[in-house]
Each structure stands twice: as C-alpha cells, then as structure tokens.
2 protein chains.
Amino acid sequence: MTVKTLKNSLAILECFASTENALGVREISRMTNMHTSVVQRTINTFTEAGYLIQDESTKKYKMGYKMFIFYDVLSHSSDPHSAIYELMQNLASEINESVFLTYMDNEYGVTTKIAESSKNIKYAVSLGTKTPLYIGASCKVMFAYLEEEQQLELLAYFHEKQSEEEHKQLLAHLKNELQTIRQHNWCMTVGEYNEHAFGISVPLFNNKKEIMASLTISGLIYDMDEQREKYMLEQLLQVSHQIQSHITKL
Amino acid sequence: MTVKTLKNSLAILECFASTENALGVREISRMTNMHTSVVQRTINTFTEAGYLIQDESTKKYKMGYKMFIFYDVLSHSSDPHSAIYELMQNLASEINESVFLTYMDNEYGVTTKIAESSKNIKYAVSLGTKTPLYIGASCKVMFAYLEEEQQLELLAYFHEKQSEEEHKQLLAHLKNELQTIRQHNWCMTVGEYNEHAFGISVPLFNNKKEIMASLTISGLIYDMDEQREKYMLEQLLQVSHQIQSHITKL
DNA sequence: CCTTCTGTTCCGATTATAGGAACACTGTTC
DNA sequence: GAACAGTGTTCCTATAATCGGAACAGAAGG
C-alpha cells in the first residue's frame with residue numbers, strides 16, 4: 001500500500017539531485033515521462049513548501065532552502081547507538097583507517113556513513129559525496145554486481161558523447177576486473193578515486209539479493225603494506241557479514 | 001494549483017527533521033492531525049523510496065539514506081553566480097568577517113548560505129545548522145517580527161515543562177529588547193550563541209511582508225571595537241536592501 | 001510574422017485517496 | 001491470565017482529488 005502521487009512527486013524532486021542546473025517544467029516532463037500538467041502542479045507544491053525555487057528570469061526551477069532542514073539531523077544521524085555505525089567504528093579503530101558506507105543511487109554512489117580513523121590527516125570525503133558508479137573501489141564493487149544492460153546504460157550516462165560501440169569496448173576492458181571482483185567478493189583500488197588514497201570495498205545486498213550498498217576501508221597509500229592489506233581485508237569481510245545481516249532485517 | 005496529497009506527505013516527512021528520534025505511525029498521526037491509515041501509506045512510500053527506514057526492533061521510522069542524494073548539490077549550491085551569494089561575498093571581504101543567510105523554518109533558524117571571511121579561525125557554523133528561533137542575533141531578529149501568539153507558541157515549544165504563565169513572563173522580559181529590534185531594524189548580540197562570538201543581524205521579508213529570513217555578520221568578539229561595529233552595521237544594512245529586492249522578486 | 005518553444009490554467013472523466021473499521025501483536029495492570 | 005491500552009498494518013467503498021487533453025500567454029528565433 002503506497003501512495004502513487006507521492007511516488008511520482010519524489011521522482012520529480014530527484015531530478016534536481018543529479019544536477020545543479022535549473023530545470024524547466026517540460027524538461028522534467030520529458031525526463032520522467034509525466035504530463036506537463038502533473039509536473040507543473042507538483043512543482044508548484046514543492047515550491048510553495050520551499051523545496052524548490054523559481055528563477056526569476058529564466059522561469060526555471062532549482063533546489064530551494066527547505067532541504068537544509070534535514071541537513072542538521074542527517075549530519076548527526078551517524079548515531080552511536082546504531083548497530084551498523086557501531087560496527088563501523090569498531091572496525092575503524094581496529095585497523096586505524098576510515099570506514100565508509102556507500103549507498104547506490106541511480107548513477108552514483110552516495111556516502112551515507114563515515115567512521116573516521118584517529119589519524120590526523122583526514123581523508124577528504126564528506127557525507128553525501130556522490131561519485132560515478134564505476135570509479136573507486138566503493139563504487140566499482142557495486143558496479144560489478146549490476147546486470148550488463150544496466151552497466152552499459154551507466155557508461156552511456158557518463159560518456160554520452162561516445163558511441164554505443166565504444167561503451168561496449170569500455171565494458172569489455174573492465175570485464176576481467178569485474179569478474180574478479182565477483183569471484184573474490186571484494187575490490188581494491190589504489191590511486192583511482194584519489195591519487196594518494198587506496199580503497200578496499202565489499203558489497204552489501206538487500207533482501208532480494210540485489211546490490212544495494214558497499215562498505216569501504218580507505219586511507220593513504222603511504223601507510224600501506226602487504227601484511228596490513230591482508231589484515232584489513234580479513235577484518236572488513238568479517239564486519240561486512242555482520243552488517244549484511246543487519247541490513248537484510250530492514 | 002497544488003497537489004494536496006504531496007503537501008500532506010511533506011508535512012509528514014518534515015516531522016523527522018525536528019528530531020533524531022524514531023517516530024511511530026500513530027505518533028505522527030497525532031502530530032499532523034492525519035489519519036493513521038494515511039500516515040501509514042505515506043510512510044510506506046517514503047520508506048520504499050529510501051527517505052525513511054524502519055527500525056527492526058521498535059518498528060518505528062527514522063530518516064533513511066535517500067536525503068543524502070541532495071546533500072552534494074546543496075553543498076555546492078552557494079553558487080558564485082547567484083546574485084545573493086555574490087552580494088554576501090562582497091560584504092564578507094569588505095568587512096573581513098563571515099556572513100550568513102538564515103531561513104526561518106517553523107521553530108528554527110536554518111543556515112542556508114555562508115560567505116566566509118578570509119580569516120584563519122573559522123567560525124563554527126556549517127550549512128544546515130538549526131538554532132532555536134530566539135537564540136542569537138540571526139534568529140532573534142526574526143523572532144522579533146513574529147506575532148505575539150506565535151512567539152508564545154515558540155517559547156512553549158522549547159520550554160514545554162514550564163507553564164503558560166512562565167512563558168508570558170519570559171516574553172515580557174524580552175519585550176523591550178524585541179521592540180528595540182523592530183525600531184532599529186537590526187539586532188546585535190554578544191556572546192549569546194557562542195561565548196566568543198558576536199552577531200549583527202537584519203531581517204528579510206517575503207512578498208507578503210512577513211518575516212522570512214535574516215542576514216548576519218558574525219565573528220570573534222576580540223576583533224571588535226565601536227568603530228568597526230558601526231561600520232559593519234552600515235554595510236550590512238546597505239547590502240540587505242539589495243538582497244531584499246532580490247528576494248521579493250522570487 | 002509565423003513557428004516553436006516555454007510556463008501556466010481550465011475542466012470533465014477517471015481513479016486514486018481518505019477514513020472507518022478491524023486484525024495481529026506487544027506490553028501492562030490487576 | 002484475562003482484560004486493557006497501546007502499537008503497526010490491511011481492507012474496503014464512497015468520495016474527493018488527480019490526471020491528462022486542450023488551450024492560453026508569452027518569449028525566442030528564423
């Protein structure tokens with residue numbers, strides 16, 4: 001039992017999350033395959049409530065101030081009592097590196113929880129950071145579990161100038177790596193997301209066994225050696241099983 | 001032309017912005033004066049979309065990961081091309097202190113734009129920070145323009161343990177200060193929000209001449225003297241008129 | 001000056017929502 | 001342990017809100 005009207009409305013709102021540009025009514029209508037009349041009324045409501053504002057000159061719409069009211073709660077939402085966050089913190093202090101929880105959202109990975117290491121040099125990822133789904137361990141490990149069709153759509157999304165042929169070549173290039181990720185059930189990258197950083201990630205799935213999120217250890221490559229790498233991976237896999245069981249219960 | 005269903009749904013979602021606690025269906029039903037059946041369906045939809053999640057043990061709901069997808073856009077939304085932000089930045093560099101834009105949202109002031117000074121010691125307010133509406137210059141200057149009835153409601157909200165009599169006494173105590181704010185059209189506090197900080201604020205109104213937001217200069221009290229104070233106030237008033245005219249056009 | 005965009009509004013047919021009632025479950029009280 | 005008050009959740013139908021076609025007003029471009 002859900003509310004169809006709300007579901008559609010949220011689809012409209014989420015158009016604004018993918019771009020900083022102002023969007024027009026008919027533009028959104030095309031993006032969502034909804035009638036301009038519906039989009040218009042929905043946008044009016046969002047605007048009245050402060051979620052969107054209309055640009056005075058272009059008449060187009062962009063994000064309003066209202067979203068900020070959730071900001072404060074979300075910043076503190078890594079509550080220490082949350083079982084998942086607790087597990088992440090334990091892991092972070094055990095290995096003395098930062099641990100990230102990244103959710104999949106359409107074409108991006110979104111960082112939703114961070115358990116920071118006690119090290120002084122903090123790794124420059126903040127809550128809510130969005131990364132294209134095939135860059136860096138935390139995203140690549142999710143990309144690997146998508147169906148080929150979806151993978152191609154994603155590549156097309158980020159390389160719109162290239163042809164479909166080129167996308168297939170790109171994917172063929174990644175194929176071996178992606179297969180290895182699925183075999184191991186983890187992914188490691190060095191200097192991919194950031195030239196000074198490494199990332200080790202494992203996938204997390206929902207009830208339907210679809211890929212949903214990833215758990216990542218990330219730190220500076222200069223602190224790394226083979227032994228630590230092995231140890232961190234072991235710890236990560238162990239904790240991810242515990243977190244997985246929590247997620248599946250949701 | 002607005003969508004009633006969406007309007008109600010947003011009212012439900014916003015219940016979660018005021019608290020970090022998990023909320024129950026009937027609890028929200030009471031808060032919003034909507035039927036449990038309606039709340040239930042709405043919450044189901046939000047949950048399915050990832051905006052809310054259900055706590056496995058208590059069965060109650062709290063904020064989900066989905067709001068984070070707007071985080072990234074909002075962080076960068078202080079776009080340098082925005083006329084308002086440009087004015088704020090000019091002011092910030094002119095007086096060499098940080099400038100804040102604070103929106104009113106129910107019982108709180110929400111920081112939505114920040115133009116930082118070039119000073120090394122950054123003032124500890126980040127985007128989205130929520131402050132009770134009667135604390136600090138940025139909020140007090142908005143509080144002063146509310147009707148007495150609303151002011152009492154607000155005091156009741158934050159001092160629920162006190163009686164209505166005590167609220168009226170509290171308000172009477174503030175009465176002179178609030179009148180002075182309205183006469184001057186600005187408000188200054190020293191060491192109120194933070195013991196090391198001062199704030200100078202002016203109000204901003206919407207088309208209907210209702211109080212809507214405030215513009216604030218804030219910095220460390222140790223850098224202050226009478227002459228600077230006077231200068232900053234002049235500059236602030238001047239810029240606020242320009243910003244006001246932009247806001248009214250919205 | 002016509003065409004083709006844009007945002008916006010109107011109105012009747014359609015359909016999704018509202019709200020009462022009931023269910024299953026938990027914890028409390030006597 | 002039975003009665004009770006609380007919870008989240010689901011079903012149903014009259015009703016009220018949404019949908020979607022069409023048209024309007026304005027802007028931009030050739």
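Sequence lines set the chain letters: A, B, ... in the order given, protein chains first and strands last, and positions in each chain run from 1. Everything numeric in this text was worked out from a predicted model, so none of it was measured.
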On the nucleotide [N], are OP1 or OP2 found under 4.0 Å from the side-chain N or O atoms that [X] carries?
| X | N | value |
| --- | --- | --- |
| B:Y61 | D:dT7 | no |
| B:T36 | D:dT9 | no |
| A:K59 | C:dG7 | no |
| B:Q40 | D:dT9 | yes |
| A:R26 | C:dC5 | no |
| A:Q54 | C:dT8 | yes |

Is a donor on one side and an acceptor on the other found under 3.5 Å between the side chain of A:S93 and the backbone of A:N90?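 Side chain of A:S93 to backbone of A:N90, a donor-acceptor pair under 3.5 Å: yes, one is there.
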
A:I114 backbone acceptor or donor facing A:Y85 side chain under 3.5 Å: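 Side chain of A:Y85 to backbone of A:I114, a donor-acceptor pair under 3.5 Å: yes, one is there.
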
Atom-to-atom span, [atom1] of [X] to [atom2] of [N] - whole angstrom:
| X | N | atom1 | atom2 | answer |
| --- | --- | --- | --- | --- |
| B:H35 | D:dT15 | NE2 | P | 16 Å |
| B:M34 | D:dA17 | CE | P | 12 Å |
| B:E27 | D:dT7 | CD | C1' | 11 Å |
| A:I28 | C:dT8 | CD1 | P | 11 Å |
| B:M1 | D:dA17 | CE | P | 11 Å |
| A:N44 | C:dC10 | CG | C1' | 14 Å |
| A:K60 | D:dA28 | NZ | C1' | 13 Å |
| A:D55 | C:dT8 | CG | P | 12 Å |

Could you check A:R30 against B:N8 and say which one's nearest nucleotide on DNA chain C is further toward the 5' end?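 Result of the comparison: A:R30.
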
More 5' along DNA chain C: A:R41 or B:R41, using each one's nearest nucleotide?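 Final value for this comparison: A:R41.
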
Could you label the plane-to-plane angle of the A:Y71 and B:Y71 rings as parallel, tilted or perpendicular, counting under 30° as parallel and over 60° as perpendicular?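 Judged by the thresholds at 30° and 60°, the geometry between A:Y71 and B:Y71 is parallel.
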
By the 4.0 Å heavy-atom rule, please label A:T5 as base, sugar-phosphate, or nothing.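 Sugar-phosphate contact only.
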
Just grab all the side-chain hydrogen bond (donor to acceptor under 3.5 Å, both in side chains) pairs involving residues 142-153 of chain B, residues at least two apart or on different chains.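 Listed once each, the pairs are B:Y145-B:N185.
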
Pairs flagged by salt bridge (charged side-chain N to carboxylate O under 4.0 Å, His left out) wherever residues 34-44 of chain B is involved - sequence neighbours left out: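 Salt bridge (charged side-chain N to carboxylate O under 4.0 Å, His left out) check on residues 34-44 of chain B returns no pairs.
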
